[in-house]
Amino acid sequence: MHIPDGFLSPATYLPATAVAAGLIILALKRTELDADRIAGIAAISAFSFVAMLFAIPMPGGTSVHLGGVGLMAVLFGPWTAFGALSLVLLVQALLFGEGGVTAYGVHVIAIAFAGTLSAYGIYHFLKRVSESIALFAAGWMGLVVPAVIVAAVLGIQPLIAHDAWGKPLFFPFGLEVTLPSIVIPHLIAGVAEGAVTVMMVRFVKRYFKGVFYAA
Amino acid sequence: MRLFLALLALVSLLSAHDLVHRVSHSECIAVSFAYADQSDFSYQAYELYAPGETIPYQVGRTDKTSSLCFRPTKQGVWTLKAFGEDGHGASVEITVNEHLALSGYAQPLYEKFQKIFVGLALIFALFCTLYLYKKRRSK
């Protein structure tokens, strides 16, 4: 899901970086971080970082990785989760080449913002029905929604950045390729992400009650 | 005539022991060693084993740049053992494909996991700083 440098046109990554910067400033203003919860947030951020590093090979030559997006959204609330994931993505981009620096804005919007928001939203919508279903759906959405956005952003590159003869200047494949090749594997991997989210949230709620988001 | 034939036979015998050579530029696999602190591993002994073989395919010492080269002759996993005189060493598994080209090698554990360790250390350090900042502000 991490887009390398050189895949996105400036027409994509410049506005995305501006939007991401705005969201991060907003998150800093809206997050009221209690010092006693920071250790818990650090631990789950570390889990998310490690989960994102292990790519699972999928049929068709692509690979997916878990992200812990739903887990963070449920445990810490959307804004804190957004801030923590933005930090994880920044460390990955700046130091480890996991996702390009120019693609950071897109990653923040897709993974940290849309991922946490959709996961948190579906969790609150479904938790009256069943806590387990709500947690599973949060994990699944936290992986699938960013995958759809990343696939869409990559797939529109040939439309917005091409030369006079129509040859793509950046990522060469259109939506008809990116959507099935990125989204379908993530629909399957979302099942694992959902299961991990259910288990991890139950574990944290049982043994580390003070850590999770009270609202 | 008999003397001529005898000389001819002698010449042919001599040429059988002549060492001919050919210089070519073909597909070789190069392996470089270094200690974790990047200090060199030059002129150290090594043994290279072809897949399924117990007799070394190649033995020698690493060159000045701590490297060695070999030209694989069959597909499979080649095992390279390097021995430092100070007792350190490494065993590297190198996978050669059907085109006799490199298709992969086992990374050392340090290299494999250093990204995780460094990343985790950095994330915890950042949150630690944040914790100290919050604690100081709350006082």
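Here is how names work: the chains are called A, B, and so on, in the same order as the sequence lines, proteins then strands, and each is numbered from 1. None of the values given here were measured: they were computed from a predicted structure.
- Looking at B:L122, only its side chain comes within 4.5 Å of chain A, counting heavy atoms on both sides.
- Neither the backbone nor the side chain of A:F47 comes within contact range of chain B; no heavy atom of the residue lies under 4.5 Å from a heavy atom of that chain.
- Ion pairing between a basic and an acidic side chain is recognised when a charged N comes within 4.0 Å of a carboxylate O; B:K81 and B:E93 show no such pairing.
- Only the side chain of A:E98 has a heavy atom closer than 4.5 Å to any heavy atom of chain B.
- Separation of the A:F96 and A:F49 ring centroids falls under the 6.0 Å cut-off.
- Interface remark: B:L126 contributes side-chain atoms only to the contact with chain A (heavy atom separation under 4.5 Å).
- Between chain B and the residues A:A42, A:A39, A:S45, the largest count of heavy-atom pairs under 4.5 Å involves A:A42.
- Side-chain N/O atoms of B:Y49 and B:E47 include a donor and acceptor closer than 3.5 Å.
- Ring centers of A:Y207 and A:F203: under 6.0 Å apart, within the cut-off.
- Aromatic rings of A:F171 and A:F7 (six-membered ring for Trp) have centroids within the 6.0 Å cut-off, being under it.
- In this structure, chain A has a heavy atom under 4.5 Å from the side chain of B:I123, while its backbone stays farther away.
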